[in-house]
Trainee: 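Got a structure here, written out as structure tokens. Questions coming.
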Amino acid sequence: MATPVSLLSLSLLLAFCSMSEATDLILTLVNNCPFTVWPAIQPNAGHPVLERGGFALHTFTHRSFPAPATHWSGRIWARTGCTDSYGHFSCATGDCGGRLECNGLGGATPSTLVQLDLHHGHADFSSYAVSLVDGFNLPMTVTPHEGKGVCPVVGCRPNLLDTCPPPLHFRSNGGHGPVVACKSGCEAFKTDELCCRGHFNSVQTCTASDYSKFFKSACPETFTYAHDAPSLMHQCSEPREIKVIFCH
């Protein structure tokens with residue numbers, strides 16, 4: 001028979017294990033756009049694919065699903081202008097190899113990206129940010145709910161397609177259609193300096209350009225070039241839900 005001391009020790013151990021478990025976390029994707037979008041989810045290496053990596057999300061609807069209970073990191077973006085013609089699925093922006101379900105594949109640039117790093121650190125932190133490093137295709141924000149600490153809403157609310165400089169225009173139909181996205185300076189001109197490659201791949205040499213300053217001026221709480229301020233990756237402890245909103 002267990003002694004009172006051993007029972008007390010067991011109860012304390014169980015309590016400690018319960019406290020150390022990660023908080024249940026829900027990811028919710030919300031489409032506030034006046035058109036269907038096709039969210040895509042790509043895990044970083046070594047992490048599982050969520051929701052098969054992509055699906056359709058009709059206007060003014062949402063989809064919620066549980067995040068992994070252990071550490072997970074990856075990115076979320078929205079594909080636009082998708083069609084399924086005679087069994088061939090393709091998107092005007094953010095396409096992932098012509099698939100509805102990306103299953104781990106990355107997306108074509110330019111596109112607005114949400115970066116997530118869930119369940120890490122001593123206080124079950126979830127880190128999140130919105131990046132325009134690969135350009136812009138939709139307004140997007142991230143909102144953590146019921147978290148502890150500093151948990152701001154961040155992202156890019158303006159529709160930058162209305163103000164995108166002509167050299168950065170990305171048009172559909174092989175460049176002959178309407179502007180559907182705004183390229184980064186790197187994608188538009190492909191120089192080492194704008195892409196922060198080679199000699200320019202360091203905090204000291206990778207600096208803001210006129211093109212990244214366009215994005216930063218419109219959406220200051222986003223990453224706009226490769227070595228932008230690390231403080232833009234916000235950190236929230238034990239949120240119950242993280243909401244990614246398209247066209248917020």
Side-chain angles (χ1 to χ4, degrees), residues 27 29-44 49-51 53-57 59 63 73-83 89-116 128-142 154-165 167-175 177-190 194-196 211-212 214-216 218-219 221-226 228 232-233 244-248:
L27 295 178
L29 308 189
V30 182
N31 182 13
N32 276 351
C33 304
F35 46 82
T36 299
V37 299
W38 288 259
I41 308 167
Q42 182 190 28
N44 290 339
V49 174
L50 307 183
E51 300 298 290
F55 48 86
L57 192 62
T59 182
R63 181 160 171 170
S73 64
R75 52 178 50 186
I76 296 172
W77 68 97
R79 295 165 289 171
T80 64
C82 300
T83 57
F89 183 84
S90 64
C91 301
T93 70
D95 192 84
C96 63
R99 299 183 180 186
L100 170 61
E101 298 173 343
C102 299
N103 280 320
L105 293 179
T109 58
S111 61
T112 316
L113 293 174
V114 166
Q115 298 175 334
L116 296 176
Y128 57 97
V130 174
S131 171
L132 304 181
V133 174
D134 290 333
F136 171 97
N137 68 336
L138 274 185
M140 289 174 67
T141 60
V142 184
V154 299
C156 185
R157 295 175 186 261
N159 185 359
L160 302 188
L161 302 187
D162 298 332
T163 55
C164 181
L168 305 184
H169 284 178
F170 181 85
R171 297 179 180 273
S172 61
N173 298 327
V179 176
V180 292
C182 191
K183 300 176 186 177
S184 66
C186 171
E187 182 170 1
F189 301 103
K190 304 187 187 304
L194 291 174
C195 296
C196 294
Y211 303 106
S212 68
F214 158 73
F215 291 117
K216 182 68 75 174
C219 301
E221 290 297 317
T222 62
F223 288 104
T224 59
Y225 62 97
D228 207 346
L232 292 170
M233 192 74 178
V244 175
I245 303 178
F246 307 112
C247 299
H248 190 188

Trainee: For the backbone of Val114 and the side chain of Arg75, can you confirm whether one donor and one acceptor N or O come within less than 3.5 Å of each other?
Mentor: no
Trainee: Would you indicate whether Cys247 and Cys33 have their SG atoms under 2.5 Å apart?
Mentor: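 Judged by the SG atoms alone, which are under 2.5 Å apart, Cys33 and Cys247 are bridged.
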Trainee: Using the salt bridge (charged side-chain N to carboxylate O under 4.0 Å, His left out) criterion, which residues pair with Lys216? Sequence neighbours excluded.
Mentor: Asp228
Trainee: Taking the side chain as C-beta and beyond, is there a heavy-atom pair between Ser172 and Pro178 under 4.5 Å?
Mentor: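 They are in contact (side-chain heavy atoms under 4.5 Å apart), so the answer is yes.
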Trainee: With a 4.5 Å heavy-atom cut-off, do Arg157 and Thr141 have their side chains touching?
Mentor: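 Side-chain contact under 4.5 Å: yes.
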Trainee: Got a second to check how far Arg79's CZ is from Phe55's CZ, nearest 0.5 Å?
Mentor: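 Rounded to the nearest 0.5 Å, the CZ-CZ separation comes out at 9.0 Å.
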Trainee: Sequence neighbours excluded, which residues qualify as ring pair (Phe, Tyr, Trp, His ring centres under 6.0 Å) partners of Tyr211?
Mentor: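 Counting only residues at least two positions away or on another chain, Tyr211 forms a ring pair (Phe, Tyr, Trp, His ring centres under 6.0 Å) with Phe189.
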Trainee: Considering non-hydrogen atoms only, spot the tightest contact between Cys182 and Leu161 and give its length.
Mentor: N-CD2, 3.9 Å
Trainee: To the nearest 0.5 Å, tell me how far Ile41 CD1 sits from Ile76 CD1.
Mentor: 5.0 Å
Trainee: Can you see which heavy atom on Glu187 is nearest to which on Asp134, and at what distance?
Mentor: OE1-O, 4.4 Å
Trainee: Do Lys183 and Phe136 touch side chain to side chain, with heavy atoms closer than 4.5 Å?
Mentor: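 SC-SC contact between Lys183 and Phe136 ruled out.
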Trainee: For Leu138 and Thr112, work out which heavy atoms get closest and say how close.
Mentor: O-OG1, 2.8 Å
Trainee: Any side-chain heavy atom of Ser111 within less than 4.5 Å of one from Leu113?
Mentor: yes
Trainee: When rounded to the nearest 0.5 angstrom, what is the spacing between CG in Leu132 and OG in Ser184?
Mentor: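 Reported value, rounded in 0.5 Å steps: 10.0 Å.
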Trainee: Compare all side-chain heavy atoms of Leu29 with those of Ile245 and state whether any distance is below 4.5 angstrom.
Mentor: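 Not touching, per the 4.5 Å side-chain cut-off.
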Trainee: Does any non-hydrogen side-chain atom of Phe223 lie less than 4.5 Å from one of Leu232?
Mentor: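 When only atoms from C-beta onward are counted, Phe223 and Leu232 do touch, with a gap below 4.5 Å.
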Trainee: Is it true that a side-chain atom of Ser131 and a backbone atom of Val133 form a donor plus acceptor pair closer than 3.5 Å?
Mentor: yes
Trainee: Which of these passes side chain to side chain contact (heavy atoms under 4.5 Å, CB included) with Val180: Thr93, Asn173, Asn137?
Mentor: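 Running side chain to side chain contact (heavy atoms under 4.5 Å, CB included) over Thr93, Asn173, Asn137 with Val180 returns exactly one hit, Thr93.
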Trainee: Any chance you could measure Lys190, atom NZ, to Cys195, atom SG, to the nearest 0.5 Å?
Mentor: 7.5 Å
Trainee: In Å, rounded to the nearest 0.5 Å, how long is the span from CG of Leu50 to CG of Leu27?
Mentor: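 One gets 7.0 Å once the value is rounded to the nearest 0.5 Å.
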Trainee: Taking side chain as C-beta onward, heavy atoms only, is Phe246 less than 4.5 Å from Asn32?
Mentor: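 In short, these two side chains do not touch, never coming nearer than 4.5 Å.
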Trainee: How close do Val130 and Gly155 get, counting heavy atoms only, and between which atoms?
Mentor: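 Shortest heavy-atom contact: CG2-CA, 3.6 Å.
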Trainee: Nearest 0.5 angstrom please: Glu221 CD to Cys156 SG, how far?
Mentor: 11.0 Å
Trainee: Between Ala129 and Met233, which heavy-atom pair has the shortest distance, and what is it?
Mentor: CB-SD, 3.5 Å
Trainee: Check Cys164 against Phe214 and note the closest heavy-atom contact, atom names and distance.
Mentor: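 Closest approach of Cys164 to Phe214: CA-CZ, 3.7 Å.
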Trainee: Can I get a per-line list of side-chain donor-acceptor pairs under 3.5 Å for residues 94-106, giving both atom names and the distance, sequence neighbours left out?
Mentor:
residue : atom : partner : partner atom : Å
Asp95   : OD1  : Cys91   : N            : 2.8
Asp95   : OD2  : Gly97   : N            : 3.2
Asp95   : OD2  : Gly98   : N            : 2.8

Trainee: May I ask you to test the Phe215-Leu160 pair for a side-chain heavy-atom distance under 4.5 Å?
Mentor: yes
